[in-house]
Structure formats: C-alpha cells, structure tokens
Amino acid sequence: MINNLIIVLAIPIALMAFDSEKQDQNKREWISLFNGKNLEEWKIKVTGHELNDNYANTFRVEDEILKVAYDNYEKFNGKFGHIFYEAPFADYILRFEYRFL
C-alpha cells in the first residue's frame, strides 16, 4: 500500500518537473543567425569550388532576405551549393520563412 502511494505521489511531481522544464525552454532567448545585411558568420560551399567561393553569387542578401539563386550560371552542371553557420549548435529549434519562385 505504501509503495502504491509513493508511485501515485511521484507521478504528479514528475509531471510538474517536466512542465517546468518545458516552460524554461520556452523562456530561452532566440539567437538570430542572419543579420539581414550580409553573409557574415556563414560559410559557403559550392561543388567544385573552394570553401567560401560564392560562385556566381549563388548566395546573396537582397532587401534583408537571404536568397539562393542560380541566375548567373551559364549551365548548372551539378554545382550544388550549401551554406553553413560558422558555429555548431545542438538542441535547437529553427524559425524561418521561405518560399520558392
């Protein structure tokens, strides 16, 4: 009987601790990775080119928007581009808007 009582009391305490942790996560301050002005703190890699060689201006900032465009390519030729933030992160939530034209 005492063991059952301990279990019954432990469950609400565990749930309150879980809820408290969730609330702490919601209070965390957002870190903005994009400044809306330039690609500072970002690393660019395009297939067949050196790191940070932004071939044909593939990644650019226009009107405070980070854009990826292939309009300056004569041929695509599998030149996939990737952009990476310079600092590693773990346990994160991303918030962004995007659209394809």
Legend entry - Phe84 ring center near Trp42 ring center (under 6.0 Å): no
Legend entry - Within the 6.0 Å centroid threshold, strictly below: Tyr85 and Phe34: no
Expected output: side-chain [X] to main-chain [Y] donor-acceptor under 3.5 Å:
X: Asp63; Y: Ile65; result: no
X: Asn52; Y: Ile44; result: yes
X: Asn57; Y: Arg60; result: no
X: Thr58; Y: Gly81; result: no

Got a sec: does the [atom1] of [X] have more than 12 other heavy atoms crowding it under 6.0 Å?
X: Tyr98; atom1: OH; value: no
X: Glu86; atom1: CD; value: yes
X: Glu50; atom1: CD; value: no

Are any non-hydrogen side-chain atoms of [X] and [Y] less than 4.5 angstrom apart?
X: Tyr92; Y: Leu94; result: yes
X: Val61; Y: Lys67; result: no
X: Leu51; Y: Lys43; result: yes
X: Trp30; Y: Ile93; result: yes
X: Lys45; Y: Asn54; result: no

Inset, instruction - Kindly indicate whether a cation-pi arrangement holds for Lys79 with Tyr73, taking the cut-offs as under 6.0 Å to the six-membered ring centre and within 45° of the axis. - result: no
Legend entry - Euclidean distance, Thr47 OG1 relative to Asn77 CG, rounded to 0.5 Å: 11.0 Å
Legend entry - Distance in Å, Phe80 CZ paired with Tyr70 OH, rounded so as to fall on 0.5 Å steps: 7.5 Å
Legend entry - Leu33/Phe89 under side-chain contact (heavy atoms from CB on, under 4.5 Å): CA gap, chis, key distance, verdict: CA-CA 11 Å; Leu33 302 181; Phe89 288 93; 3.6 Å; yes
